[in-house]
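Working notes, beginning with the structure itself.
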Amino acid sequence: MKPINEDPKFSAVAEPLAEIQAELVQKNREVEAIQIELSKPHRTHDDENAFTTYLTKDGAHAVDQRTELREQFRHIEDRQAFLQSALERGRAELDKVTGQLSLSACKEMRPRYVDAIKKQLSGLKQVCDANAELVAIRDELEGAGYQGGSLPFAQFTPVDVWESSYGSA
């Protein structure tokens, strides 16, 4: 049976989901970098002021660097919110596709699974029959007046509740 991630339906959802997650990680790093930069003390130099900056070539369109960082921060936060929403919807879609593909795979495997259950039930029937035979032999022996203490007790009983993880009943 081929792995589920090789199915085109699965890949059509899983690959974009991985891209969304990768972009979210990248945006988180960008946010951290901006937060670090914004947390640094604001430095102003005596010879730099808004008027001097305005007089430069790009000065008419210049914006304070911290203001620019705040705008980038808001833009990234908006993108993160969108990506988070897309991630949640993508995960729901992936669950849906996985469920559909799993149902198909289970239908395909059902005959083999049923055969294995039949083997289990057949084995249990053999154990029950052997248990009954052992009881009948012991009853016959003891019914004739003999003691069956020299015969090992070899009757298996089904276990309803396991008292320990090591299998003691």
Side-chain angles (χ1 to χ4, degrees), residues 1-39 69-169:
M1 168 166 275
K2 72 177 184 178
I4 195 169
N5 58 359
E6 291 179 8
D7 191 286
K9 292 176 185 175
F10 184 86
S11 298
V13 178
E15 289 173 6
L17 204 55
E19 292 171 8
I20 291 170
Q21 289 173 325
E23 188 176 347
L24 260 174
V25 169
Q26 176 193 359
K27 294 301 177 191
N28 286 338
R29 288 182 181 145
E30 290 176 18
V31 162
E32 288 173 8
I34 290 173
Q35 286 174 332
I36 289 169
E37 193 62 36
L38 287 175
S39 68
L69 285 174
R70 285 187 199 100
E71 288 175 11
Q72 284 179 350
F73 186 80
R74 281 190 290 276
H75 175 71
I76 292 171
E77 281 184 326
D78 290 343
R79 181 68 178 165
Q80 282 178 310
F82 169 75
L83 290 172
Q84 194 62 41
S85 175
L87 184 65
E88 290 171 12
R89 293 179 187 267
R91 284 181 177 156
E93 185 64 26
L94 186 64
D95 285 345
K96 181 179 167 186
V97 168
T98 301
Q100 291 169 346
L101 294 173
S102 296
L103 178 62
S104 297
C106 287
K107 284 180 180 178
E108 182 182 323
M109 292 294 187
R110 188 175 311 273
R112 288 176 49 199
Y113 200 79
V114 168
D115 287 344
I117 290 174
K118 286 179 182 177
K119 287 178 185 177
Q120 278 183 329
L121 293 174
S122 174
L124 289 174
K125 173 74 169 114
Q126 288 178 356
V127 167
C128 288
D129 290 346
N131 278 345
E133 190 175 341
L134 291 171
V135 168
I137 292 171
R138 188 173 291 272
D139 286 348
E140 182 182 336
L141 182 69
E142 291 175 357
Y146 297 100
Q147 293 181 350
S150 296
L151 295 174
F153 183 78
Q155 189 172 358
F156 293 96
T157 57
V159 178
D160 292 332
V161 178
W162 293 93
E163 293 180 7
S164 79
S165 58
Y166 299 106
S168 66

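Atoms considered below: every heavy atom in the structure, side chains included; atoms not considered: hydrogens, waters and symmetry mates. Model, not experiment: these values are computed from the prediction.
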CD/E71 to CZ/R74 distance, rounded to the nearest 0.5 angstrom? 6.0 Å

Would you mind checking if K119 and D115 are paired as a salt bridge, meaning a charged N to carboxylate O distance below 4.0 Å? no

Minimum heavy-atom distance between I4 and F10, given as atom pair plus value: O-CB, 3.4 Å

Verdict with supporting geometry, L87 and Q84, side-chain contact (heavy atoms from CB on, under 4.5 Å): CA-CA 5 Å; L87 184 65; Q84 194 62 41; 4.0 Å; yes

If you draw a 6.0 Å radius around CD in E140, do more than 12 non-hydrogen atoms from other residues or ligands fall strictly inside? no

If you draw a 6.0 Å radius around NZ in K2, do more than 12 non-hydrogen atoms from other residues or ligands fall strictly inside? yes

On a heavy-atom basis, which atom in Q147 and which in L141 lie closest, and how many Å separate them? O-CD2, 4.1 Å

Note, V114 side chain near R110 side chain (heavy atom, < 4.5 Å): yes

Tell me, please, which residues at least two apart from Q26 pass side-chain hydrogen bond (donor to acceptor under 3.5 Å, both in side chains). E30

Mind checking the CG-CD spacing from N28 to E23? Nearest 0.5 Å is all I need. 10.5 Å

Q72: what forms a side-chain hydrogen bond (donor to acceptor under 3.5 Å, both in side chains) with it, not counting sequence neighbours? none

Between atom CG of L24 and atom CG of L83, what is the distance when rounded to the nearest 0.5 Å? 4.5 Å

Is it the case that the side chain of S122 and the backbone of K118 share a donor-acceptor pair, with hydrogens and angles ignored and the cut-off at 3.5 Å? no

Distance-only, no hydrogens or angles: does the S85 side chain make a donor-acceptor pair with backbone N or O of F82 under 3.5 Å? no

Atom of L134, atom of A154 and distance for their closest heavy-atom approach: CD1-O, 3.1 Å

What I'd like to find out is whether the side chain of E108 reaches to under 4.5 Å of the side chain of M1, using heavy atoms alone. yes

Measure the spacing between CD of Q80 and CZ of F73 and express it to the nearest 0.5 Å. 7.5 Å

For a quick test of reading the model, state the closest non-hydrogen atom pair linking S11 to P16 and the distance between them. O-CD, 3.8 Å

If you count heavy atoms of other groups shown closer than 6.0 angstrom to CD of E133, is the number above 12? no

CD1-NE2 distance between I34 and H75, expressed to the nearest 0.5 angstrom: 10.0 Å

Roughly how far, to the nearest 0.5 Å, is the CG atom of L17 from the CG atom of L94? 6.0 Å

Donor-acceptor check, side chain of R79 to backbone of K27, threshold 3.5 angstrom: yes or no? no

